[in-house]
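Given the structure is predicted, the values throughout are model-derived calculations rather than measurements.
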Amino acid sequence: MIRNNRPYTDENGRVDDKLITSRTDAEIHAVAVWIQKNIRHEKKVLDGRTSYGMKHILQHDTGIYLTNNEFKDAMLLAGFQPVNPNELNWRYKISLVRYINENHSPFFQWAVRTHDGDNSPLGDFVSDMKHSLDFPTLSEKTIIEWYLYRKDACDEAFKAFADLWEEFENA
């Protein structure tokens, strides 16, 4: 719920009223930059991700642990309103994007440079890769194949990756 324009959570008598503004300036800045780089306004609700899950992605990327309420507060301050503020874990009309310069993998950079926007299976794979928040940052074929396996990728995705990798090796 929202009280005085700030998030407030009382779940079964357990209160989480911590706000991002109680953090250090450096932490507040790092969280704000992460939100700015990784979240975009959309017309549709993002499926499968809530404030609770996104705070864990932020922690993975920045090392900063926030309570769910602190993350919701940071999102409000960044201009992102929840779909239903009475839900425990807020959903938003957003998309999550991978900030391309954060993945320094030579394969990742090459694939984006050569196939981003292509209307082909390779272009589709690159688009999915760019928007995946956990795509491997190591340029090793076996690591990326294992990632695709763990994600239960379709045969077409495996084929597109194999074709991309072959092209990458011959570039």
Side-chain angles (χ1 to χ4, degrees), residues 1-105 107-109 112 116 124-140 143-154 157:
M1 75 179 76
I2 296 179
R3 282 189 181 170
N4 299 320
N5 297 316
R6 303 307 279 275
Y8 178 87
T9 305
D10 184 353
E11 180 190 19
N12 301 324
R14 185 159 185 253
V15 173
D16 180 3
D17 58 355
K18 293 181 179 172
L19 301 174
I20 190 70
T21 51
S22 66
R23 295 297 188 125
T24 67
D25 288 343
E27 288 173 315
I28 293 169
H29 178 72
V31 170
V33 167
W34 184 89
I35 289 171
Q36 179 185 20
K37 286 182 177 181
N38 293 286
I39 300 177
R40 302 286 181 270
H41 288 279
E42 291 291 340
K43 294 180 182 176
K44 297 184 337 183
V45 175
L46 177 66
D47 283 333
R49 299 278 186 196
T50 65
S51 56
Y52 185 79
M54 288 185 289
K55 80 181 192 78
H56 289 292
I57 297 169
L58 176 133
Q59 182 181 3
H60 175 269
D61 289 354
T62 66
I64 299 171
Y65 172 82
L66 299 179
T67 68
N68 195 21
N69 214 67
E70 287 172 316
F71 183 82
K72 292 189 279 190
D73 191 38
M75 289 290 284
L76 281 176
L77 292 175
F80 295 96
Q81 295 294 319
V83 173
N84 180 353
N86 294 320
E87 292 177 327
L88 174 62
N89 299 313
W90 287 359
R91 295 173 301 120
Y92 301 91
K93 290 182 178 182
I94 60 170
S95 62
L96 295 174
V97 296
R98 179 177 207 123
Y99 186 66
I100 194 167
N101 295 327
E102 296 295 324
N103 189 328
H104 300 289
S105 152
F107 170 75
F108 185 94
Q109 293 294 323
V112 169
D116 191 24
D124 291 344
F125 184 90
V126 169
S127 177
D128 290 345
M129 180 179 75
K130 279 179 42 183
H131 292 92
S132 169
L133 296 174
D134 58 351
F135 192 84
T137 57
L138 296 176
S139 287
E140 293 184 28
I143 290 173
I144 297 170
E145 287 171 335
W146 177 244
Y147 165 81
L148 294 172
Y149 176 76
R150 282 185 301 118
K151 292 293 186 178
D152 199 24
C154 64

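Leu96 is listed as a side-chain neighbour of Ile57, based on a closest heavy-atom distance under 4.5 Å. Residues Leu58 and Val31 meet the side-chain proximity criterion, which asks for heavy atoms closer than 4.5 Å. Residues Val15 and Tyr8 have side chains in contact (heavy-atom distance under 4.5 Å, counting atoms from C-beta outward). Between Ile35 and Phe80, the closest side-chain pair of non-hydrogen atoms falls below 4.5 Å.
The number of heavy atoms from other shown groups lying within 6.0 Å of CG (Asp152) does not exceed 12. Around the CZ atom of Arg14, the shell of radius 6.0 Å holds no more than 12 heavy atoms that belong to other residues, nucleotides or ligands. Remark: His41 NE2 is packed, more than 12 non-hydrogen atoms of other residues, nucleotides or ligands lying under 6.0 Å away.
Minimum heavy-atom separation, Met54 to Trp34: O-CH2, 4.1 Å. The nearest pair of heavy atoms linking Asn68 to Ser51 is OD1-OG, 2.8 Å. Looking at every heavy atom in both residues, Leu66 comes nearest to Lys55 through O-NZ, 2.9 Å. Phe108 and Lys130 make their closest contact through CZ-CA, 4.1 Å (heavy atoms, listed as atom of the first residue, atom of the second, distance).
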*Test Ile64 against Arg23 for side chain to side chain contact (heavy atoms under 4.5 Å, CB included), laying out the working first.*
CA-CA 10 Å; Ile64 299 171; Arg23 295 297 188 125; 4.2 Å; yes
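The CG atom of Asn89 sits 13.0 Å away from atom CZ of Arg49, with the distance rounded to the nearest 0.5 Å. Note that CG of Asn84 and CE of Met1 are 11.0 Å apart. Values are rounded to the nearest 0.5 Å. Rounding to the nearest 0.5 angstrom, the gap separating the CG atom in Asp73 from the CG atom in Asp16 is 10.0 Å. Between the CZ atom in Phe71 and the CE atom in Met75 there is a gap of 5.0 Å [rounded to 0.5 Å]. Here CG of Leu19 is found 4.5 Å from CZ of Arg6. Values are rounded to the nearest 0.5 Å. For the atom pair CG of Leu76 and CG of Asn5, the computed distance is 8.5 Å after rounding to the nearest 0.5 Å.
Put simply, the side chain of Asn69 gets close to the backbone of Pro7: a donor and an acceptor are under 3.5 Å apart.
Checking each of Leu77, Thr9, Ile20 against Lys72 for a side chain to side chain contact (heavy atoms under 4.5 Å, CB included) leaves exactly one that passes, namely Thr9.
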